[in-house]
Amino acid sequence: MTKKYDAIIIGAGIIGASIAFELAKNGYSTLNIDKLSAAGAGSTINTCAIIRTSYSTLEGTAMAYESYLHWKKWPDHLQIQDERGYAKFHETGFLILHDEGRDMSVILENHRKLGIPFEEWSIDTLHEKMPFLDLNAYYPPRRPSDEHFGESSGRKLAGAIFFPGGGYINDPQLSVHNVQRAAEAKGATFRFKAEVSDIRQEDGHITGITLQGGEEIDAPIVVNAAGPHSFVINRMAGIEGSMKIKTRALRHEVHFVPAPDGYDTKRHSHVMSDDDIGGYSRPETGNLLLVGSQDPECDPKEWVEDPDDFDRDVSDEQWQAQVFRLAQRIPTLPIPGHAKGVVDLYDVTDDWIPIYDKSDLGGFYMAVGTSGNQYKNGPMAGLLLAELIDACEKGRDHDSDPVQVKCPITGFTLNVGFYSRNREVNKNSSFSVLG
Ligand SMILES: Cc1cc2nc3c(=O)[nH]c(=O)nc-3n(C[C@H](O)[C@H](O)[C@H](O)COP(=O)(O)OP(=O)(O)OC[C@H]3O[C@@H](n4cnc5c(N)ncnc54)[C@H](O)[C@@H]3O)c2cc1C
């Protein structure tokens, strides 16, 4: 006999688990299905878990700020104990280094509008606070094979913006386990090592899913929270062709190097974003620095056709590109003899802004296209989807009358229509992992 749920959520990453938590709080019986063996074992396990509010749109900034406030009071958000303990938010602050070419005015205006604190650092302040940084400008970022790699443009950086409300989560998989436990405490069910192979529908409405092996589970609502597999699930549901904005999987590498001499984890451990060299870094356990890329134009983009089949090994070439670029900014950065890092997939939309929306198939919803920048927004993505689903199931036509969600802490009203599958490509986006 098949068991029936109010809603099946495909995926138990930070997004799927958060949706379960919020739906369960609203009295929905939910089942998360994940083909992996534990919550957060998909792309969330390899996230850099950076928490920041610097998005290119007001909506993105508001959502990130509200989510940041949830991370800051994580146990209060969850309202339960997890036998494994809580993931920890290291609130180190978030620092954007910028040169003259980078217009920071929109980001700063968004922060002013929302009352989010920030400090503008001159180049002298930057030098005083981070004396190990080389403050020459190098734009545009290059690959080490470029004959002009390492040449300064002749200018200095213009300065930096410091956002005290930022940092990173120490253990992203544990954070998802926390959400799983919180959702279970409200009645949610999680099932692992089970792969959804079909999405069943009748007369334009969802009836349930079928697992590989043939087992059928019924539900009038199915949510696609499948991360980089989102396009596979959308195709399975037959709805991909009816959306203006699409998703696809992008391979991405993150590397680890030892922290440089003089790096003091109490004073210098800010998460650092640096357009001038096309990268970012943050402290990592074991006196390491984690080195990421902002996908500068010179780097080839590795779109992946099959998210179950991609190269999970760090490539020497990309490792050199990311690590050597950071060494331009931190000349004392130790360069180890061996490449070390992790490889995973972003689930990228056409404008690098996610899709949190219904679909043209009744009862089928999406929380997809997280574009390398939505781990931090898990708490609010959960709430947005829960409110969207509840409103639509009660008859609201979200496409013509978009659902509005009031942020519980800041009181800002988020227009869920901003994340529509049928929006025009948002020209205000950074079109990058910065969102
Ligand atoms: C290298 C890297 C660095 C990043 N850094 C940051 C950062 O610093 N800050 C930030 O905010 N964001 C960051 N991100 C983005 C962030 O990690 C993602 O936006 C977020 O983790 C996505 O969560 P998810 O739940 O949607 O996806 P996932 O965690 O991938 O979960 C989806 C789940 O769906 C399951 N699934 C898929 N298909 C099926 C199926 N057919 N049947 C059953 N289960 C299925 C998968 O097994 C998987 O567990 C980064 C991402 C990467 C890859």
Side-chain angles (χ1 to χ4, degrees), residues 8-20 31-53 55 60 63-64 67-68 71 94 166-169 172-173 175-176 179 190-199 209-212 222-237 247 249-255 271 273 280-282 290-295 304 307-308 310 314 341-349 352 354-356 366-379 381-382 385 433-435:
I8 291 171
I9 300 158
I10 305 174
I14 188 66
I15 302 291
S18 299
I19 296 168
L31 171 67
N32 288 68
I33 301 177
D34 203 298
K35 60 183 178 175
L36 298 176
S37 56
S43 65
T44 300
I45 201 172
N46 286 321
T47 179
C48 301
I50 292 169
I51 308 295
R52 63 177 166 88
T53 51
Y55 278 77
M63 180 141 164
S67 295
Y68 149 79
W71 288 112
F94 183 77
Y168 63 97
I169 304 297
Q173 189 177 18
S175 74
V176 187
V179 184
F190 285 72
R191 182 161 167 189
F192 298 106
K193 297 186 189 168
E195 181 166 350
V196 175
S197 61
D198 192 23
I199 292 168
I209 57 95
T210 306
L211 296 178
Q212 211 161 55
V222 168
V223 185
N224 179 357
H229 291 79
S230 69
F231 71 93
V232 178
I233 299 296
N234 281 344
R235 281 176 198 172
M236 216 181 262
T247 59
L250 180 67
R251 184 180 175 278
H252 208 82
E253 299 193 9
V254 171
H255 307 120
V271 177
S273 164
Y280 63 88
S281 61
R282 71 155 172 81
L290 176 158
V291 188
S293 163
Q294 293 178 184
D295 299 311
V304 168
D308 290 315
F310 64 97
V314 167
V342 296
V343 180
D344 220 313
L345 301 175
Y346 290 172
D347 177 33
V348 177
T349 64
W352 293 72
I355 300 170
Y356 296 133
M366 293 171 282
V368 302
T370 57
S371 302
N373 64 62
Q374 292 289 305
Y375 167 79
K376 64 180 74 56
N377 286 341
L385 261 290
V433 67
L434 299 174

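These numbers were taken from a predicted model, which means no experiment stands behind them. Each ligand, and each atom within it, is numbered from 1 in the order the structure gives.
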For ligand 1, which atoms sit closer than 4.0 Å to a heavy atom of [X]?
X	result
G11	33 (C), 34 (O), 35 (C)
L345	53 (C)
I33	43 (C), 44 (N)
N373	10 (C), 11 (O), 12 (N), 15 (C)
A226	32 (C), 34 (O), 37 (C), 38 (N)
N46	1 (C), 2 (C), 3 (C)
K376	9 (N), 10 (C), 11 (O)
G372	6 (C), 12 (N), 13 (C), 14 (N), 15 (C), 50 (C)

- prompt: At a non-hydrogen distance cut-off of under 4.0 Å, which region of A367 contacts ligand 1 (side chain, backbone, both, or neither)?
  reply: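 Neither; nothing of A367 gets under 4.0 Å from ligand 1.
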query: Is it the side chain (CB and beyond), the backbone, both or neither of A49 that lies under 4.0 Å from ligand 1, heavy atoms counted?
result: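 Backbone only; the side chain of A49 stays clear of ligand 1.
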Testing the basics here: between [X] and [Y], what is the closest heavy-atom pair and its distance to 0.1 Å?
X	Y	answer
V176	A17	CG1-CB, 3.8 Å
A367	I19	CB-CD1, 3.7 Å
A225	I15	CB-CG2, 4.3 Å
V433	Y346	CG2-OH, 3.4 Å
F192	A12	CE2-CB, 3.9 Å

Sub-4.0 Å heavy-atom contact, I233 with ligand 1: yes
Residue-ligand contact A194/ligand 1, heavy atom below 4.0 Å: yes
If you have a sec, work out which protein heavy atom is nearest [atom] and how many Å separate them, to one decimal?
atom	result
atom 24 (P) of ligand 1	I15 CG1, 3.7 Å
atom 27 (O) of ligand 1	G227 CA, 3.4 Å
atom 21 (O) of ligand 1	T44 OG1, 2.8 Å
atom 45 (C) of ligand 1	K35 CG, 3.9 Å
atom 28 (P) of ligand 1	S43 OG, 3.4 Å
atom 18 (C) of ligand 1	T370 OG1, 3.7 Å
atom 52 (C) of ligand 1	Y346 CE2, 3.4 Å
atom 33 (C) of ligand 1	D34 OD2, 3.3 Å

Side-chain heavy atoms of [X] within contact of [Y], under 4.5 Å:
X	Y	result
S273	F94	yes
N377	Y55	yes
Y375	C48	no
Y356	L385	yes
I10	V223	no
L290	V254	yes
P354	Q374	yes
T210	V196	no

- prompt: If you measure from the Lys or Arg side-chain nitrogens to the Asp or Glu carboxylate oxygens, is any gap between E253 and R251 under 4.0 Å?
  reply: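 A salt bridge links E253 with R251.
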Side chains of residues 35-46: which donor-acceptor partners sit under 3.5 Å, not counting sequence neighbours?
residue : atom : partner : partner atom : Å
K35     : NZ   : H229    : NE2          : 3.2
K35     : NZ   : D308    : OD1          : 3.0
K35     : NZ   : D308    : OD2          : 3.3
T44     : OG1  : I14     : N            : 3.4
N46     : ND2  : D344    : OD2          : 2.8

Do any nitrogen or oxygen atoms of [X] lie less than 3.5 angstrom from nitrogen or oxygen atoms of ligand 1?
X	value
D344	no
Y280	no
Y375	yes
P228	no
C48	yes
I10	no
H252	no
I50	yes
V254	no

query: Can a cation-pi geometry be assigned to R282 and Y168, taking NZ or CZ under 6.0 Å from the six-membered ring centre and within 45° of the ring axis?
result: yes
message: If you take the nearest heavy atom of each of N224, N32, V196, which one is closest to atom 40 (C) of ligand 1?
response: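 Considering heavy atoms of N224, N32, V196, the nearest to atom 40 (C) of ligand 1 sits in V196.
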task: From the options L290, N377, D347, T47, select the one whose nearest heavy atom is closest to atom 13 (C) of ligand 1.
output: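 That would be T47.
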- request: Please assess W71 against I169 for the test side-chain contact (heavy atoms from CB on, under 4.5 Å), listing each intermediate value before the final yes or no.
  value: CA-CA 8 Å; W71 288 112; I169 304 297; 3.5 Å; yes
- prompt: Do S230 and T247 have side-chain N/O donor and acceptor atoms under 3.5 Å apart?
  reply: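 Yes, T247 and S230 have a side-chain donor paired with an acceptor closer than 3.5 Å.
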